[in-house]
Amino acid sequence: MRVVLVVPFFSPVGRSCLAAMTRLSGVTHLGLVTHEPLERVPPEHRSAVQHYQIRDCLNPSQLLGAVAAFRTDWGGVDRLVGYLEQMQEPLAAVRSRLGIPGMSEAVARNFREKNQMKEVLRRAGLPVARQALLTDRTSALRFVDRVGYPIVVKPPAGAGSRSTLRVSSEPELGAALERLFVSPSNPAQAEEFVQGAEHSFETVFIDGKPVWHSSSYYLPGPLTVIENPWMQYCVLLPREMPQVAQAFRPTNVAALEALGLNTALTHMEWFRLGSGRTVVSEVAARPPGVQLMPLMSHAHECDFWSKWAELMVFERWSVPPRKWATGVAFFRGQGRGRIVRAVHGLEAAQAAAGDAVVDRKLPRVGQPRSDSYEGEGWAIVRAETTPQAVAALKALVSNVRVELG
Ligand SMILES: Nc1ncnc2c1ncn2[C@@H]1O[C@H](COP(=O)(O)OP(=O)(O)O)[C@@H](O)[C@H]1O
Ligand SMILES: [Mg+2]
């Protein structure tokens, strides 16, 4: 197999993805398209890849130039792969130009454009929030007339909960439209506000058929975390799949089918309302963030990045059964400052939950404030039972306090 992998920069996730692809046997040619120069490629991988630097991996014509160069060199390219949400459409565009198998542009757009995604799901009879694309104040007020406050306003193809706003009144609506620069050429996605517990649902499809699934809890949901900077944040991966998640599975599969998914590891977010009704929030055709890849790796005692690489290149998937409950606690800095001034409670957290911690990146004094809701550090726990994992997460978030100043 001749594979081109796009890793714009070598973040921890980018490194894991690159490492997994270099380990995959049966890959005879591995091209690495990246923003970084050769000397920034992790040294252990330099000899395993053919390096090609471009300035903008999101630019389809630059990407096309790079992949076409590999094709000329190798006589063909069999797979073009990337893990980043924003890359899915440009990757699909280049695949279609060069006749490389993989997700098409139309399917990639279904997963990227929140409005189109929900339109497709609604047409398939699946439960989604009512929505509209806002182009100005008039269209915004018309939507509010239809669904009432509160609503959520966000970028139509956002990621990482950035610029996602809850709007509860007309003055807040005006502020949100200004903040997102809403105009006819720059519309915003508006949705009725769904009040419920938020979960993820990870699914593997091969050739249009589901072969594996998993579900996690967000504690609490990302928007609540963003609205409350003092709050710590956890994601829990239970050892046994909860009944409510099992019951949601047919909806998840029907949604992926409606969107036209062929082969991928997908990451869905969904709500469970107090009434028991479930609502699909959004779904991405790429591996999940919020540390879910390491959480699943620890839970199943195998490397999910390697599994993903094998899936994307050879359309094969096999993971051993889950052995552990896992979870991650995100340590979020409190206060107005831009720098971590102190980290309190580490010893108490270690005493209470240290045995369960299997990986960590602790916040350090002097490090800058994070611009993501995942905060300044994290710890991953693993336990034999789900209640034990919950107890360990609680011990971590109730003891550790990151002071900004
Ligand atoms: N319609 C909605 N009702 C309630 N909360 C929502 C709604 N849409 C988004 N949110 C909240 O905002 C977060 C980010 O929105 P999402 O659509 O997932 O965007 P992103 O692509 O940035 O992850 C969600 O995880 C959820 O907590
Ligand atoms: Mg999301």
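All values reported here derive from a predicted model rather than from experimental measurement.
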Just list the side-chain donor-acceptor pairs under 3.5 Å for residues 5-18, sequence neighbours left out, or say none.
from, atom 1, to, atom 2, distance (Å)
Ser11, OG, Gly14, N, 3.0
Ser16, OG, Pro12, O, 3.0

Review item, side-chain donor-acceptor pairs of residues 395-405, under 3.5 Å, at least two apart:
from, atom 1, to, atom 2, distance (Å)
Ser398, OG, Lys394, O, 2.6
Asn399, ND2, Ala395, O, 2.8
Glu403, OE1, His344, NE2, 2.7

Atom pairs and distances, donor-acceptor, side-chain atoms in residues 119-131, under 3.5 Å, two or more places apart:
from, atom 1, to, atom 2, distance (Å)
Glu119, OE1, Gln131, NE2, 3.3
Arg122, NH2, Ala129, O, 2.9
Arg130, NE, Glu192, OE2, 3.4
Gln131, OE1, Gln189, NE2, 2.9
Gln131, NE2, Asn115, O, 3.0

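For residues 27-47, the pairs satisfying salt bridge (Lys or Arg N to Asp or Glu O under 4.0 Å) are Glu36-Arg40, with sequence neighbours left out. Within the structure, the side chain to side chain donor-acceptor pair (under 3.5 Å) test picks out no pair touching residues 353-367 (sequence neighbours left out). For the ring pair (Phe, Tyr, Trp, His ring centres under 6.0 Å) condition, the pairs that include at least one residue of residues 223-263, sequence neighbours left out, are Phe201-Phe248, Tyr233-Phe330, Tyr233-Tyr373, Phe248-Trp270. Sorted by first and then second residue, the salt bridge (Lys or Arg N to Asp or Glu O under 4.0 Å) pairs involving residues 172-191 (not counting sequence neighbours) are Lys118-Glu191, Lys154-Glu191. Within the structure, salt bridge (Lys or Arg N to Asp or Glu O under 4.0 Å) pairs that include any residue of residues 286-304 comprise Arg23-Asp303, Glu85-Arg286, Glu301-Lys323 (at least two apart or interchain).
Looking at heavy atoms from C-beta onward, Arg162 lies out of side-chain contact with Pro155 at the 4.5 angstrom threshold. Residues Phe70 and His29 have side chains not in contact (no heavy-atom distance under 4.5 Å, counting atoms from C-beta outward). Here the side chains of Tyr218 and Val235 are in contact, with some heavy-atom distance below 4.5 Å. The shortest distance between side-chain heavy atoms of Gln53 and Leu38 does not fall below 4.5 Å. In this structure, Asp207 and Asn262 have side chains that are in contact, with non-hydrogen atoms separated by less than 4.5 Å.
Under the rule for a side chain to side chain donor-acceptor pair (under 3.5 Å), the partners of Glu227 that lie at least two apart in sequence or sit in another chain are Arg166. A search for side chain to side chain donor-acceptor pair (under 3.5 Å) contacts involving Ser318 returns nothing, not counting sequence neighbours. Annotation: side chain to side chain donor-acceptor pair (under 3.5 Å) contacts of Trp212 (sequence neighbours excluded): none. Judged as a side chain to side chain contact (heavy atoms under 4.5 Å, CB included), and not counting sequence neighbours, the contacts of Val107 are Met103, Ser104, Phe111.
The backbone N or O of His267 sits nowhere less than 3.5 Å from a side-chain atom of Glu202 that would complete a donor-acceptor pair. With hydrogens and angles disregarded, a donor-acceptor distance shorter than 3.5 Å links the side chain of Asn59 to the backbone of Gln62. Looking at Thr386, its side chain never comes within 3.5 Å of a backbone N or O of Ala325 through a donor-acceptor pair. The closest donor-acceptor contact from the side chain of Arg369 to the backbone of Gly333 lies at 3.5 Å or more, if one exists at all. Side-chain atoms of Ser161 never come within 3.5 Å of backbone atoms of Thr164 as a donor-acceptor pair (strictly under, hydrogens ignored).
Salt bridge absent: Glu105 and Arg112 never bring a charged side-chain N and a carboxylate O closer than 4.0 Å.
For the atom pair CD of Glu310 and OG of Ser25, the computed distance is 8.0 Å after rounding to the nearest 0.5 Å.
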